[in-house]
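Written below as structure tokens is the structure these notes are about.
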Amino acid sequence: MPEFFQAINPYLPMTYAIRGFREIISIGDDFGYVWHQAGVLGIFAAIFITLSLIMFYINARKEKHHTEEEAAA
């Protein structure tokens with residue numbers, strides 16, 4: 001794998017999904033490892049859901065402010 005992708009690999013959620021799937025497919029005995037990978041994916045999900053909610057909140061406030069300005073004019 002090129003150096004660039006090696007550097008960003010730990011910050012991508014698919015890395016953890018693939019590791020977990022590989023462990024399950026290979027009939028591994030280490031379910032703790034699979035749960036760890038699932039936990040990391042859960043953290044990614046929580047972060048991106050939170051960022052999405054913040055974005056929607058900011059956009060809703062802008063829209064509300066814009067609508068109030070139009071109503072006042």
Side-chain angles (χ1 to χ4, degrees):
M1 190 171 3
E3 260 184 61
F4 172 74
F5 292 114
Q6 288 179 7
I8 66 168
N9 191 33
Y11 306 108
L12 300 174
M14 282 304 290
T15 302
Y16 301 97
I18 291 170
R19 287 178 185 171
F21 287 141
R22 282 182 182 165
E23 182 65 27
I24 290 173
I25 291 171
S26 67
I27 310 174
D29 295 340
D30 192 5
F31 287 108
Y33 181 76
V34 174
W35 282 112
H36 173 68
Q37 302 306 316
V40 173
L41 286 173
I43 291 169
F44 273 108
I47 290 169
F48 287 114
I49 288 171
T50 302
L51 290 174
S52 296
L53 290 173
I54 291 169
M55 183 197 70
F56 287 131
Y57 176 73
I58 290 170
N59 285 338
R61 286 188 60 190
K62 285 181 183 178
E63 185 67 32
K64 182 180 177 184
H65 181 67
H66 182 66
T67 306
E68 288 174 354
E69 285 180 354
E70 286 180 353

For Ala7 and Pro10, work out which heavy atoms get closest and say how close. O-CD, 3.6 Å

Would a single hydrophobic cluster contain both Ile18 and Tyr11, if residues Ile, Leu, Val, Met, Phe, Trp and Tyr are joined by side-chain heavy-atom contacts under 4.5 Å? no

When rounded to the nearest 0.5 Å, the distance separating CD of Gln37 from CD1 of Ile24 is 10.0 Å

Please verify the inter-ring angle class for Tyr33 with His36; under 30° counts as parallel, over 60° as perpendicular, anything in between as tilted. tilted

Kindly give the cluster partners of Ile49, where membership spreads through any ILVMFWY side chain lying under 4.5 Å from a current member. Leu53

Is the number of heavy atoms from other residues, nucleotides or ligands under 6.0 Å of Glu3 CD greater than 12? no

Could you list the cluster mates of Met55? Members are the ILVMFWY residues connected by side-chain heavy atoms closer than 4.5 Å, either directly or through other members. Phe56

Could you list the cluster mates of Trp35? Members are the ILVMFWY residues connected by side-chain heavy atoms closer than 4.5 Å, either directly or through other members. Phe31

Determine whether Leu51 and Leu41 fall in the same hydrophobic cluster, where Ile, Leu, Val, Met, Phe, Trp and Tyr are linked whenever their side-chain heavy atoms lie under 4.5 Å apart. yes

Remaining members of Leu12's ILVMFWY cluster at a side-chain heavy-atom cut-off under 4.5 Å? Met1, Phe4, Phe5, Ile8

When rounded to the nearest 0.5 angstrom, what distance separates CZ in Arg61 from NZ in Lys64? 9.0 Å

So which pairs with a foot in residues 15-24 pass side-chain hydrogen bond (donor to acceptor under 3.5 Å, both in side chains), sequence neighbours left out? Asn9-Thr15

